[in-house]
Amino acid sequence: MTAPTKPVPTSPPSGSAPGAPRTPGVPHAAEAIAESLHIPVIAWFEAHARDLPWRRPEAGAWGVMVSEFMLQQTPVSRVLPVYEQWMDRWPRPADLAKEPSGEAVRAWGRLGYPRRALRLHGAAVAITERHGGDVPTGHAQLLALPGIGEYTAAAVASFAYGQRHAVLDTNVRRVFARIVGGNRYPPNATTAAERKVARALLPADESTAARWAAGSMELGALVCTAKNEDCGRCPVSNQCAWRLAGKPEHQGPPRRGQTYAGTDRQVRGKLLAVLREAVAPVPQAVLDRVWEEPVQRARALDGLVSDGLAEPLADGTYRLPLT
DNA sequence: CAGTCGTGGAC
DNA sequence: TGTCCAAGACT
């Protein structure tokens with residue numbers, strides 16, 4: 001266990017002394033909920049957090065950032081080996097920035113969504129050019145990098161730099177939906193109401209906020225999971241609105257499932273797999289073998305080219321981009 | 001804002 | 001061989 005071990009503050013992060021009566025008419029409900037959640041969740045985190053390489057001090061901000069890119073929509077178990085190889089090969093942003101983007105795509109392997117590799121490479125170039133080779137510390141600076149959205153900017157600022165940000169990923173959204181909202185699942189898309197809840201629950205103290213962010217996310221990943229949740233191991237099950245309501249089934253619109261077989265995504269994946277394995281430019285005829293239907297096949301290949309994942313050469317062959 | 005974008009493991 | 005899901009970003 002290598003989670004940060006700073007003590008949890010024993011006094012409320014803001015406001016009056018413990019046990020002091022609330023001022024009538026002033027809404028303190030959110031604060032009260034928050035304070036009763038922070039200590040048990042953070043204590044649980046410090047006892048049960050996984051020992052992941054990007055949580056070790058030597059990972060640095062670059063390691064945190066690389067892991068966040070790889071973890072976007074991808075399970076930890078599949079990220080681990082690729083992360084280790086990646087950090088061995090490119091221990092600093094400038095090391096990656098020197099390489100052609102195609103090398104990043106190749107090293108990405110079968111993690112999926114290979115545009116993330118392209119964006120991570122682009123972010124490394126931007127960091128090298130604009131930030132002297134160091135991952136920027138500001139949320140706005142992070143947000144300006146390719147491949148970094150609201151979640152990843154907050155995650156890097158919080159996990160790498162200990163800042164106070166609401167870190168709203170799918171795990172945290174589910175945890176909050178259950179504890180606060182009394183729902184099995186959050187809405188399909190992140191709502192303003194969810195952001196408001198996340199901000200209201202954020203500890204006032206910076207260091208506590210950072211551990212709360214990591215802890216609430218880990219709770220969603222290990223205990224408060226989408227299926228087969230284990231309320232018996234949850235440190236705040238006694239305060240969970242969903243559990244207290246008898247764990248009602250999901251009400252709203254069905255969570256739209258991802259179809260895959262037969263889609264352009266599948267064809268793109270097959271095409272790019274060939275390009276990744278190839279050491280020399282690949283003739284069109286070889287690519288043609290990955291998919292029967294010519295119209296969809298051509299559309300998929302065009303898509304890869306326009307995304308910058310494949311480079312067409314004058315002789316009709318294709319390769320990963322050298323730029 | 002709804003669609004698009006990979007991959008593989010669990011059931 | 002099907003469904004659901006996994007630390008989202010971008011258009």
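Chain letters run A, B, ... following the sequence lines, proteins first, then strands; residues in each count from 1.
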Before you tell me yes or no, could you show the steps for A:Glu68 and A:Tyr151 under side-chain hydrogen bond (donor to acceptor under 3.5 Å, both in side chains), namely the whole-Å CA-CA distance, both residues' side-chain angles and the distance that decides it to 0.1 Å? CA-CA 9 Å; A:Glu68 290 303 336; A:Tyr151 160 74; 2.7 Å; yes
Indicate yes or no: does A:Asp134 engage A:Arg92 in a salt bridge with an N to O separation below 4.0 Å. no
With a 4.0 Å cutoff (strictly under), does any side-chain N or O of A:Gln73 reach OP1 or OP2 of C:dG8? yes
Rounded off to whole Å, could you give me the CZ-to-P distance for the A:Arg50 and C:dA7 pair? 8 Å
Which nucleotide sits closest to the side chain of A:Pro114: B:dG8, C:dA7, B:dG6? B:dG6
Closest-nucleotide 5' rank along DNA chain B - winner of A:Ala189 and A:Leu272: A:Ala189
Distance-only donor-acceptor test, A:Ser77 side-chain atoms vs B:dG9 base atoms, 3.5 Å: no
Indicate, with a heavy-atom threshold strictly under 4.0 Å, whether A:Gly149 touches base, sugar-phosphate, or nothing. sugar-phosphate
Does a salt bridge link A:Asp230 with A:Arg233, judged by any charged N lying under 4.0 Å from a carboxylate O? yes
On the nucleotide C:dA6, are OP1 or OP2 found under 4.0 Å from the side-chain N or O atoms that A:Arg174 carries? yes
Nearest to side-chain heavy atoms of A:Arg119, which nucleotide of B:dC5, C:dA7, C:dC10: C:dC10
Between B:dT7, C:dA7, B:dG6, which one does the side chain of A:Arg265 approach most closely? B:dG6
Taking all atoms of both residues into account, what is the closest heavy-atom pair of A:Pro203 and A:Trp212, and its distance? CD-CD1, 3.4 Å
Would you say B:dG6 has OP1 or OP2 under 4.0 Å from some side-chain N or O of A:Arg276? no
Expressed as a whole number of angstroms, how long is the span from A:Gln266:CD to B:dT4:P? 15 Å
Could you tell me whether A:Trp108 contacts a base, only the sugar-phosphate backbone, or nothing, with contacts defined as non-hydrogen atoms closer than 4.0 Å? nothing
Does C:dA9 have OP1 or OP2 sitting under 4.0 Å from an N or O in the side chain of A:Thr152? yes
From CE of A:Met65 over to P of C:dG8, roughly how many Å is that when rounded to an integer? 16 Å
Donor-acceptor contact present, side-chain A:Asp169 to main-chain A:Asn171, <3.5 Å: yes
Just the rounded figure in Å: distance from P of C:dC10 to CG of A:Leu120. 12 Å
Roughly how far apart, to the nearest Å, are C:dA9 and B:dG8 at atom P? 23 Å
Just checking, is any N or O donor in the side chain of A:Asp264 or A:Gln296 under 3.5 Å from an acceptor N or O on the other one? yes
Does the B:dG8 base have a donor-acceptor partner in the side chain of A:Arg78 within less than 3.5 Å? no
Atom CG of A:Asn228 and atom P of C:dC5: how far apart are they, to the nearest Å? 11 Å
Does a side-chain N or O from A:Arg116 land closer than 4.0 Å to OP1 or OP2 of B:dC5, or not? no
Nearest to the side chain of A:Arg268, which nucleotide is it out of B:dG8, C:dA7, B:dG6? B:dG6
Does a donor on one side chain sit under 3.5 Å from an acceptor on the other, for A:Ser36 and A:Gln239? yes
Side-chain donor/acceptor contact of A:Arg173 with base of C:dA6 under 3.5 Å: no
Please measure how far the P atom in B:dA10 lies from the corresponding atom in C:dA7, and state the result in whole Å. 15 Å
Is the phosphate of B:dT7 approached by A:Tyr260 (side-chain N or O, under 4.0 Å from OP1 or OP2)? yes
Less than 4.0 angstrom from a charged side-chain N to a carboxylate O is my criterion; do A:Glu150 and A:Arg195 meet it? no
Over all strands shown, is A:Ala226 touching base, sugar-phosphate only, or nothing at heavy-atom distances under 4.0 angstrom? sugar-phosphate
To the nearest angstrom, how far is A:Leu145 atom CG from C:dA9 atom P? 12 Å
A:Arg299 atom CZ is separated from B:dG3 atom C1', nearest whole Å, by 14 Å
Rounded distance in Å - CG (A:Asn171) to C1' (C:dC5): 11 Å
Taking only side-chain N and O atoms of A:Tyr151, does any of them lie within less than 4.0 angstrom of OP1 or OP2 on C:dC10? no
So which nucleotide from C:dA9, B:dC5, C:dC5 ends up closest to the side chain of A:Tyr185? C:dC5
Mutual orientation of the aromatic rings belonging to A:His48 and A:Trp44 [parallel < 30°, tilted 30-60°, perpendicular > 60°]: tilted
Would you classify A:Ile148 as touching base, sugar-phosphate or nothing, given that sugar-phosphate means primed atoms plus P, OP1 and OP2, and contacts are heavy atoms under 4.0 Å? sugar-phosphate
Under 4.0 angstrom, heavy atoms only, what part of the nucleic acid is A:Thr74 near: base, sugar-phosphate, or nothing? base
If you measure from CH2 on A:Trp108 to CE on A:Met70, what distance do you get to the nearest 0.5 Å? 5.0 Å
Between the protein and nucleotides 1-3 of chain C, which nitrogen or oxygen pairs come in under 3.5 angstrom?
none

